Amino acid sequence: MGSSLKVVGLGPGDSALLTPQAQKAIADADVIVGYTLYVDLVSDALKEGKEIISTGMMGEMARCEKAIEVARSGKNTVVVCSGDPGIYAMSGLIYELAEEYLDTLEIEVVAGIPALSAASALLGAPLMHDFAVISLSDLLTEWDVIEKRLKAAAEADFVIVLYNPKSKRRDWQIEKALDIVREVRSADTPVGLVKSAYRNEQEVIVFSLNSFDISQVNMLSTIIIGNSSTRMIGENIVTPRGYLNKYRK
Ligand code: SAH
């Protein structure tokens with residue numbers, strides 16, 4: 001019988017946003033592998049009696065290799081990720097590293113609520129029309145490529161979601177990204193900043209494109225920049241889908 005490895009999304013943080021399917025995958029596991037901060041998101045009750053392989057020091061590659069090794073030894077293993085495991089997370093790397101074992105190792109991806117959905121809900125309804133998601137992390141992607149995608153998304157009038165806007169070692173990318181969008185989008189375009197969505201430290205701030213304060217941005221921030229029709233309705237950022245234009249005469 002083959003062993004099983006599940007790559008599980010924990011959602012943004014609050015255990016109320018952990019799906020029952022993800023919860024069951026963790027409950028059924030013998031071993032939980034994950035970055036320390038992600039393992040911390042799993043309740044003690046759910047972790048009880050399980051082997052935990054969590055480390056802040058181990059890089060993504062080492063963590064995935066370890067998870068594959070443990071799963072192949074016959075233990076039901078879950079790799080936990082924040083948000084959705086297929087969005088800037090571990091499921092792709094798990095498949096790449098486990099390619100040669102696919103005959104004997106059963107891999108399953110268990111979806112989670114991604115930060116972009118959490119941020120969108122907290123801001124109102126900014127993602128009602130086409131949007132592009134761009135990570136500002138240039139650790140694995142050349143900055144030139146990121147810049148090209150930002151320009152294209154801005155020019156095509158996509159609502160833009162920015163992930164990984166800042167880290168300890170990366171602090172200039174966010175200003176550069178906003179400048180690219182400012183070239184084509186109006187100064188009063190609503191921009192939402194959501195920090196630590198559905199965690200204790202949660203903060204939701206709305207700016208205009210020109211008043212955006214980058215000093216407010218931290219690692220756990222998701223930023224949503226409106227398109228040319230995005231506007232404020234009360235305190236909420238709303239991107240009209242077009243219903244009223246079409247159906248309300
Ligand atoms: N797999 C995750 C993304 C991991 S990349 C997902 O589906 O959401 C890490 C980035 O995700 C962070 O830099 C931040 O941009 C965003 N993020 C993750 N959790 C968040 C939260 N609780 N609140 C706001 N942004 C978050």
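Just the heavy atoms: all of them, side chains too, but no hydrogens, waters or symmetry mates, feed the values below. FYI, the numbering just counts along the sequence from 1. Small disclaimer: the values here were computed from a predicted structure and weren't measured.
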Test log, rule ring pair (Phe, Tyr, Trp, His ring centres under 6.0 Å), inputs F131 and F158: CA-CA 5 Å; F131 60 93; F158 281 101; 8.6 Å; no
Beyond-backbone contact of [X] with [Y], side-chain heavy atoms, under 4.5 angstrom:
X    : Y    : value
L193 : V217 : yes
D138 : Q173 : yes
V109 : Y95  : yes
E235 : V206 : no
V8   : V79  : no
Q216 : F207 : yes
E60  : M90  : yes

[X] side-chain N/O to [Y] backbone N/O, donor-acceptor pair under 3.5 Å:
X    : Y    : result
N236 : I233 : yes
K6   : A25  : no
N227 : S229 : yes
T239 : P126 : yes
R170 : L136 : yes
R185 : I180 : no
D157 : S228 : yes
T19  : G112 : no
Y163 : L116 : yes
K166 : S215 : no

Atom NZ of K47: over 12 foreign heavy atoms under 6.0 Å: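 More than 12 heavy atoms, drawn from other residues, nucleotides or ligands, come within 6.0 Å of this atom.
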Whether over 12 other heavy atoms sit under 6.0 Å from M219 CE: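 No.
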Ring-face cation of R72 near Y101 (centre distance under 6.0 Å, axis angle within 45°):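 Yes, R72 and Y101 form such a contact.
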From I205, I225, I237, residue fulfilling side-chain contact (heavy atoms from CB on, under 4.5 Å) relative to V191: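 Option passing the side-chain contact (heavy atoms from CB on, under 4.5 Å) with V191: I225.
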Distance-only check: which donor-acceptor pairs under 3.5 Å involve side-chain atoms of residues 139-155, not counting sequence neighbours?
| residue | atom | partner | partner atom | Å |
| --- | --- | --- | --- | --- |
| W143 | NE1 | E147 | OE2 | 2.6 |
| E147 | OE2 | K176 | NZ | 3.2 |

Pair K75-E69, salt bridge (Lys or Arg N to Asp or Glu O under 4.0 Å): steps then yes or no: CA-CA 10 Å; K75 294 177 181 167; E69 179 193 318; over 6 Å; no
Distance-only donor-acceptor check, side chains S208 and N210, under 3.5 Å: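 Side-chain D/A pair, S208 to N210: absent.
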Chi angles and distances behind the side-chain contact (heavy atoms from CB on, under 4.5 Å) call for L10, I26: CA-CA 10 Å; L10 300 174; I26 298 170; 3.7 Å; yes
Worked check of side-chain contact (heavy atoms from CB on, under 4.5 Å) between F212 and I223: CA-CA 10 Å; F212 192 88; I223 296 163; 3.9 Å; yes
CA sep, side-chain torsions, deciding dist, call: N76, V31, side-chain contact (heavy atoms from CB on, under 4.5 Å): CA-CA 6 Å; N76 283 325; V31 186; over 6 Å; no
